[in-house]
Amino acid sequence: MVRVRFAPSPTGYLHVGGARTALFNWLFARHTGGTFILRIEDTDRERSTDEAIEQIVDSLRWLGLDWDEYYRQTERHERHLEAAESLLRSGAAYEKDGAWWFRVPEGGDTVVHDELVGDVRFSNEQLKDFVIRRSDGTFIYNFVVVVDDVDMGITHVIRGDEHLNNTPKQMRIYQALGYPMPLFYHLPMILGADRGKLSKRHGATSVLEYRDRGILPDALVNFLVRLGWAHGDEEVFSRDDLVRLFTLDGLNKSAAVFEDAKLLWLNQQHLKREDLAALAELARPLVVARGRVSEAMWAQADPARLLAGANLLRDRARTLHDLALAMEMLFPVPLEREASPAPSPAQTALMLAMADAIEAVSPYMPETIEAAVRAVLEANAATLKDVALACRLAVTGRKAGPGLFEMLAAIEPAVVAARLRDSASGGPA
RNA sequence: GUCCCCAUCAUCUAGCGGCCCAGGAUACCGGGUUUUCAUCCCGGCGACAGGGGUUCAAAUCCCCUUGGGGACGCCA
């Protein structure tokens, strides 16, 4: 039975590198029907904060990475003490200046068998004795990680590359305690655009920042999984796809650069595929937060019409904010119109005629609207091209957008008519 | 400085000795479709870091160089 864990230290927000490590662990657990454990490594009491724990938990929840078991390392102090005392008794550790030190034998090599990287040989001369318990009585990472992984029955340790050099020390502790070892997988890092360590100067590094930028959790998950994992030529994966397809032998050994362009493209792909009603609910708070559309207006809107509008607009959005911005046009609120020349007298006349015709259309749907509009055009010896842009601008505030008649059908007829008349009279909206 | 890891288009990657004078995706540049924009479709640009081996045959295996990253804490 597979048991894996994600073990962040709560000294800051969850960054995308940590999120990817969590994701690989989660996917492996879900793929195999195993157990995914969240373990907060808070033994550094100086730097650990509850705020950081909250941020990490919020981030994982938003990403949809749910855990089956939860631990805080400091709550396991008694168990750590018990294990450390046994090391003291056996002579594997000793006390000096109030701290407890683990004794590393001189000479020989320690070979780490990494399932991803292969065998890595470390000379024991490089491994000096190291502290496992501070003089204030708290324990050090390299020690507790072993005790906890064994107690929790961890079968596969999947973690960042930066821990590879710690592994021989940990192996020594496994041996001294007489514990069986898990399988190790050390993942390559995520780099910034300059191939340096990913940091603030490369833009957003926090998971929550991507949420705030209007990225869908499934899109970030899709993007992160492709940094170091591939399944043939496929690019767009749903969460279910990933759970079904993910295996550890698809993992890559080299570091990857995080670039926004593809994330945005993937976000667009997921925006197009997301369940429409669910997507509208995601957009709802963002639309309301913009200040023009009230919750009441949203509630009063015809649901079918609203979803039809959202469906048209989603194809042109790369983020939820793009969608929220565009969706304002679906409500009876004043529009900000893109700058453009005022309609000509001929266009004005056409739009006024169209306003009357559209109000009379029944049932109100793209086909019937188109028929009514074309009738007006024919009666006035005009073509759609003569008035399409002015009409679109009048009703949606924009020069570009979805098909005109579908768009009109997604907005209440009275609002469409009013906007056409206002625009024809040079009014505000 | 010492130790460790990594190395295919600008970026993410496929490739796990012959199917590769290297395939897909993003980005970029053209064209088509459309009332417009986006989508979509078609096309273009573009890489096996360098040098030695091994082999009938190497992007694929080995070594060196170079480059990048990581670790050397009473941090995790």
Side-chain angles (χ1 to χ4, degrees), chain A residues 7-12 18 40-48 73 96-101 112 114 116-118 120-123 125-128 130-142 144-145 159-169 186-191 193-198 223-236 249-250 252-266 268-269 272 312-318 322 326 370 373 383-393 396 398-405 407:
Chain A
S9 69
T11 53
I40 304 294
E41 309 229 316
D42 56 349
T43 51
D44 182 351
R45 286 178 171 160
E46 292 286 308
R47 298 195 300 154
S48 298
Q73 216 154 36
K96 185 179 144 203
D97 301 336
W100 295 7
W101 293 72
V112 174
D114 187 288
L116 197 58
V117 181
V120 185
R121 183 174 299 273
F122 294 87
S123 163
E125 286 170 37
Q126 303 289 334
L127 269 53
K128 296 168 294 193
F130 57 93
V131 171
I132 59 173
R133 190 191 194 207
R134 302 181 184 87
S135 39
D136 70 359
T138 59
F139 289 96
I140 295 286
Y141 165 76
N142 276 129
V144 291
V145 71
R159 80 225 305 193
D161 226 354
E162 69 272 19
H163 291 290
L164 183 56
N165 288 290
N166 284 323
T167 310
K169 290 182 182 175
H186 287 96
L187 303 169
M189 299 194 56
I190 296 180
L191 272 23
D194 58 1
R195 299 209 77 89
K197 196 167 186 162
L198 193 63
F223 178 73
L224 289 176
V225 82
R226 287 285 291 105
L227 257 31
W229 181 85
H231 185 261
D233 284 339
E234 288 183 52
E235 294 289 349
V236 183
D249 48 61
N252 228 44
K253 291 202 289 188
S254 51
V257 171
F258 190 105
E259 269 205 337
D260 271 1
K262 195 163 183 175
L263 171 61
L264 255 359
W265 174 77
L266 274 173
Q268 185 175 25
Q269 298 303 312
K272 290 168 69 165
L312 294 172
L313 265 9
R314 85 211 284 199
D315 278 354
R316 268 142 276 253
R318 286 175 91 81
D322 293 343
E370 176 164 6
V373 168
T383 66
L384 186 58
K385 277 197 175 187
D386 293 332
V387 77
L389 178 64
C391 182
R392 175 187 300 286
L393 198 66
T396 70
R398 300 182 173 205
K399 294 179 186 172
L404 185 59
F405 302 112
M407 202 58 236

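All values reported here derive from a predicted model rather than from experimental measurement. Chain naming here is simple, since letters A, B, ... match the order of the sequence lines and numbering starts at 1 in each.
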Of the candidate nucleotides B/G24, B/C3, B/C6, which contains the atom at the shortest distance from the side chain of A/R226? B/G24
Could you tell me whether A/F130 contacts a base, only the sugar-phosphate backbone, or nothing, with contacts defined as non-hydrogen atoms closer than 4.0 Å? nothing
Look at A/S9 and B/C75 and indicate whether a side-chain polar atom (N or O) is within less than 4.0 Å of OP1 or OP2. no
Identify whether any heavy atom of A/E235 sits under 4.0 Å from a base atom; if not, whether one sits that close to sugar-phosphate; answer base, sugar-phosphate or nothing. base
NA contact type, A/H163, heavy-atom cut-off 4.0 Å: base, sugar-phosphate, or nothing? base
What pairs with A/F122 under ring-ring contact (aromatic ring centres under 6.0 Å, His included), at least two apart in sequence or on another chain? none
Selected nucleotide, minimal atom distance to A/K272 side chain, candidates B/U39, B/A38, B/C3: B/U39
Looking at the side chain of A/V131, which of B/C74, B/G70, B/C72 is the nearest nucleotide? B/C74
Would you indicate, yes or no, if B/A76 has its OP1 or OP2 atom less than 4.0 angstrom from a side-chain nitrogen or oxygen of A/R134? yes
What integer distance in Å separates A/D260:CG from B/U26:P? 16 Å
N/O donor-acceptor pair, side chain A/K262 with base B/C12, under 3.5 angstrom: yes
Expected output: side-chain A/R134 to main-chain A/F139 donor-acceptor under 3.5 Å: yes
Base, sugar-phosphate alone, or nothing: which one does A/R45 contact when heavy atoms must sit under 4.0 Å apart? nothing
Residue pair A/R392 / A/T396, side-chain donor-acceptor N/O under 3.5 Å: no
Across every strand shown, the nucleotide meeting Watson-Crick or G-U wobble geometry with B/A7 (both distances under 3.5 Å) is B/U66
Which whole number of Å gives the distance between the C1' atom of B/C63 and that of B/G73? 36 Å
Using a cut-off of strictly less than 4.0 Å, decide whether A/R392 has a side-chain nitrogen or oxygen near OP1 or OP2 of B/U34. no
Shortest non-hydrogen separation from A/V257 to A/L227 and the atoms involved: O-CD1, 4.2 Å
Considering every strand and a 4.0 Å limit on heavy-atom distances, what is the contact class for A/D136: base, sugar-phosphate, or nothing? nothing
What's A/A261 touching, base or sugar-phosphate or nothing? Going by heavy atoms closer than 4.0 Å. sugar-phosphate
Using heavy atoms to find the nearest nucleotide of RNA chain B for A/G228 and A/R47 separately, return the residue whose nucleotide is more 5′. A/G228
Expressed in whole Å, how much space separates the P atoms belonging to B/G30 and B/C37? 14 Å
For A/G118 and A/A99, find the nucleotide of RNA chain B closest to each by heavy atoms; which residue's nucleotide sits nearer the 5' end? A/G118
Using the side-chain heavy atoms of A/A400, tell me which of these nucleotides is nearest: B/A76, B/A14, B/C37. B/C37
So which nucleotide does B/G1 pair with, by the Watson-Crick or G-U wobble rule with both distances under 3.5 Å? B/C72
Here the distance between atom C1' of B/A49 and atom CZ of A/R195, to the nearest Å, is 12 Å
Which nucleotide wins on minimum distance to the side chain of A/S254, given the candidates B/A71, B/A76, B/C6? B/C6
Which of A/S9, A/S48, A/P8 passes side chain to side chain contact (heavy atoms under 4.5 Å, CB included) with A/D42? It is A/S48
Between B/G23 and B/C4, how far apart are the two C1' atoms, rounded to whole Å? 33 Å
Separation of B/C3 P from A/H186 NE2 (nearest whole Å): 20 Å
Heavy atoms only, 4.0 Å cut-off, all strands: where does A/Q268 land among base, sugar-phosphate and nothing? sugar-phosphate
What integer distance in Å separates A/K253:NZ from B/C12:C1'? 19 Å
If I take atom CG in residue A/L127 and atom P in nucleotide B/U2, what distance separates them, rounded to the nearest angstrom? 18 Å
Test: A/K169 cationic atom under 6.0 Å from A/F130 six-membered ring centre, within 45° of axis: yes
Under 4.0 Å, heavy atoms only, any strand: does A/T43 hit a base, just the sugar-phosphate, or nothing? sugar-phosphate
How far, in whole Å, is B/U55 from B/G50 if one measures between their P atoms? 23 Å
Quick one: the side chain of A/D161 and the base of B/G70, do they pair up donor-acceptor inside 3.5 Å? no
Under 4.0 Å, heavy atoms only, any strand: does A/L227 hit a base, just the sugar-phosphate, or nothing? sugar-phosphate
Donor-acceptor pair under 3.5 Å, A/N166 side chain vs B/A71 base: no
How far does the P atom of B/G69 sit from the matching atom of B/U33, given to the nearest Å? 49 Å
Atom CD1 of A/I132 and atom C1' of B/A76: how far apart are they, to the nearest Å? 16 Å
Could you measure between the two P atoms, the one in B/C29 and the one in B/C45, and give it in whole Å? 16 Å
Choose from B/U26, B/A76, B/C74 the nucleotide whose nearest atom is closest to any side-chain atom of A/W265. B/U26
Looking only at B/U35, B/C74, B/C4, the nucleotide nearest the A/A388 side chain is B/U35
When the ring planes of A/F223 and A/F258 are compared, do they come out parallel, tilted or perpendicular, using 30° and 60° as the limits? perpendicular
Just the rounded figure in Å: distance from C1' of B/U11 to CD1 of A/I190. 14 Å
Looking across every strand, which nucleic acid part, if any, lies under 4.0 Å from A/P8 by heavy atom: base, sugar-phosphate, or nothing? nothing
Contact class for A/G160 vs. all strands (heavy atom < 4.0 Å): base, sugar-phosphate, or nothing? nothing
Minimum heavy-atom distance A/D161-A/P188, with the two atoms named: OD2-CA, 3.7 Å
Atom CG of A/D44 and atom C1' of B/C75: how far apart are they, to the nearest Å? 5 Å
A/D114 and A/H186 have their tightest heavy-atom pair at OD2-ND1, 2.6 Å
